[in-house]
There are 2 protein chains.
Amino acid sequence: MHTNESSENYLEVILVLSKTRPVVRSVDVAEELGFKKSSVSVAMKHLRERNHITVTKEGYIYLTEDGKAIAEMIYERHQFLSDWLVTLGVSKEIADEDACRIEHVISKESFEALKKQMI
Amino acid sequence: MHTNESSENYLEVILVLSKTRPVVRSVDVAEELGFKKSSVSVAMKHLRERNHITVTKEGYIYLTEDGKAIAEMIYERHQFLSDWLVTLGVSKEIADEDACRIEHVISKESFEALKKQMI
DNA sequence: CCTGTAGGTTAGTATATGCTAACCTACAGA
DNA sequence: TCTGTAGGTTAGCATATACTAACCTACAGG
């Protein structure tokens, strides 16, 4: 279940998009991230190869068990870190940007410790 | 004064090493980071080109004003983030590793907000 | 004097990422 | 029917980083 920061981001975006629309396609991911469709195409190929997603012949992207686990972990971190920064007085936008970077590098231990403190 | 994560790390290490020894050389940096001397050599070339360091003909590395400013900012973040995580109950080792990654991605705003909360 | 070692550099390799350009397929609509 | 557009793929480029291999210089010590 090894991943890179970029893969984690793609998986998270797929999860988020799937919450608000019936199906997620490469173009949707590209638009959301502001990336070119070719970049997303290559990234999806990698995610397929690593069994993090499956793609139907119509181009609909679905998270596998593995992919979903990663996506949900990252998404939870994102939500939590963003909210936490906002409680510290950081603006919503900056909090979101920072959460988006910190979520990929913080350890499980530190994240859990932070959650515990916030209860 | 533009930098990458890797450059920031090198500058921080140079600063830290200079606190405990009279001079800092490429090999010292390589040993500290666990990198090969060739990698450090190339990195030092980039830091020279961007005027973040100067290197004497003996191979002694010194931070420029710019380089020192970056190094000290990152070092302050490192210290603070590491201490903060330890107060949350994270082990010294993990806190240090996490600080080392978060220090490069957290925004000025968030860092200041966190500092304020810790007073 | 001569050789081995320390410190440094350069060239070329590899991975991760995103980009542009060119191309393909399928389908909607004049 | 014919064409334009949407969605997707592939090839090749560019940057950031670290690595291995090969080489150079200088100096210590037999």
Side-chain angles (χ1 to χ4, degrees), chain A residues 1-14 17-18 21-63 67 70-71 74 97 100-105, chain B residues 1-14 17-18 21-63 67 70-71 74 97 100-105:
Chain A
M1 207 169 94
H2 171 261
T3 36
N4 311 312
E5 177 159 335
S6 125
S7 292
E8 287 179 356
N9 237 325
Y10 280 115
L11 293 172
E12 184 187 10
V13 165
I14 292 167
L17 290 180
S18 72
R21 61 190 78 198
V23 292
V24 178
R25 299 162 307 160
S26 270
V27 269
D28 303 323
V29 174
E31 195 192 352
E32 177 72 15
L33 288 169
F35 289 168
K36 297 302 172 183
K37 59 183 182 170
S38 56
S39 306
V40 176
S41 177
V42 173
M44 294 307 107
K45 190 171 152 190
H46 291 158
L47 291 180
R48 268 202 316 273
E49 288 168 359
R50 289 167 204 169
N51 289 310
H52 292 323
I53 62 171
T54 56
V55 182
T56 68
K57 56 185 158 315
E58 293 81 22
Y60 301 156
I61 302 167
Y62 295 99
L63 296 171
I70 296 167
I74 296 292
E97 287 171 20
C100 209
R101 290 191 297 265
I102 299 173
E103 69 194 20
H104 304 290
V105 301
Chain B
M1 203 168 98
H2 172 261
T3 34
N4 312 313
E5 178 159 334
S6 122
S7 291
E8 287 180 356
N9 237 325
Y10 281 115
L11 292 172
E12 185 187 8
V13 166
I14 292 167
L17 290 180
S18 72
R21 59 191 81 197
V23 293
V24 179
R25 299 161 307 160
S26 270
V27 269
D28 302 322
V29 175
E31 194 192 353
E32 177 73 15
L33 288 170
F35 289 168
K36 297 300 171 184
K37 59 183 180 167
S38 56
S39 307
V40 176
S41 177
V42 174
M44 292 307 109
K45 190 172 153 191
H46 291 157
L47 291 180
R48 269 202 316 274
E49 287 168 358
R50 290 168 203 167
N51 288 309
H52 292 323
I53 62 170
T54 56
V55 181
T56 68
K57 57 185 157 316
E58 293 81 24
Y60 301 156
I61 302 168
Y62 295 99
L63 297 170
I70 297 168
I74 297 292
E97 286 171 21
C100 208
R101 289 191 298 265
I102 299 174
E103 69 194 19
H104 304 290
V105 301

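In what follows, every chain begins at residue 1, and chains take the letters A, B, ... in the order their sequences are listed. Hydrogens, waters and symmetry mates play no part in the numbers below; they use all other heavy atoms, side chains included.
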> Which heavy atom of M44(A) sits nearest to which heavy atom of S26(A), and what is that distance?
CG-OG, 3.5 Å

> CD of E31(B): more than 12 outside heavy atoms within 6.0 angstrom?
no

> First and last nucleotide of DNA chain C in contact with chain B, 5' to 3', at under 4.0 Å to a heavy atom: what are they?
dG7(C) to dT10(C)

> Where along residues 31-41 of chain B does a heavy atom fall under 4.0 Å from DNA chain D?
G34(B), F35(B), K36(B), S38(B), S39(B)

> Please report the distance, rounded to the nearest Å, between OH in Y10(B) and C1' in dA16(D).
11 Å

> To the nearest Å, how far apart are N9(B) CG and dA16(D) C1'?
14 Å

> Looking at every heavy atom in both R25(B) and I61(B), which two are closest together, and how far apart are they?
C-CD1, 3.7 Å

> At their closest point, which heavy atom of S39(B) faces which heavy atom of Y10(B), and how far apart are they?
O-OH, 4.1 Å

> Taking all atoms of both residues into account, what is the closest heavy-atom pair of V105(A) and V105(B), and its distance?
CG2-CG2, 4.3 Å

> Does N9(B) form a side-chain contact (heavy atoms from CB on, under 4.5 Å) with C100(B)? I'd like the steps, not just the answer.
CA-CA 8 Å; N9(B) 237 325; C100(B) 208; 4.0 Å; yes

> Check whether T56(A) reaches the backbone of Y60(A) with its side chain - one donor and one acceptor, N or O, closer than 3.5 Å.
yes

> Can you name the nearest heavy-atom pair linking T3(A) to S7(A), along with the distance?
CG2-CB, 4.1 Å

> Reading DNA chain D from 5' onward, which residue's closest nucleotide shows up sooner: A43(B) or E58(A)?
E58(A)

> With heavy atoms under 4.0 Å as the rule, sort Y60(A) into base, sugar-phosphate or nothing.
nothing

> Report the residue (K45(B) or R25(B)) whose heavy-atom-nearest nucleotide on DNA chain C is the more 5′ of the two.
R25(B)

> Give the rounded distance in Å between these two atoms: NE2 of H104(B) and P of dT17(D).
11 Å

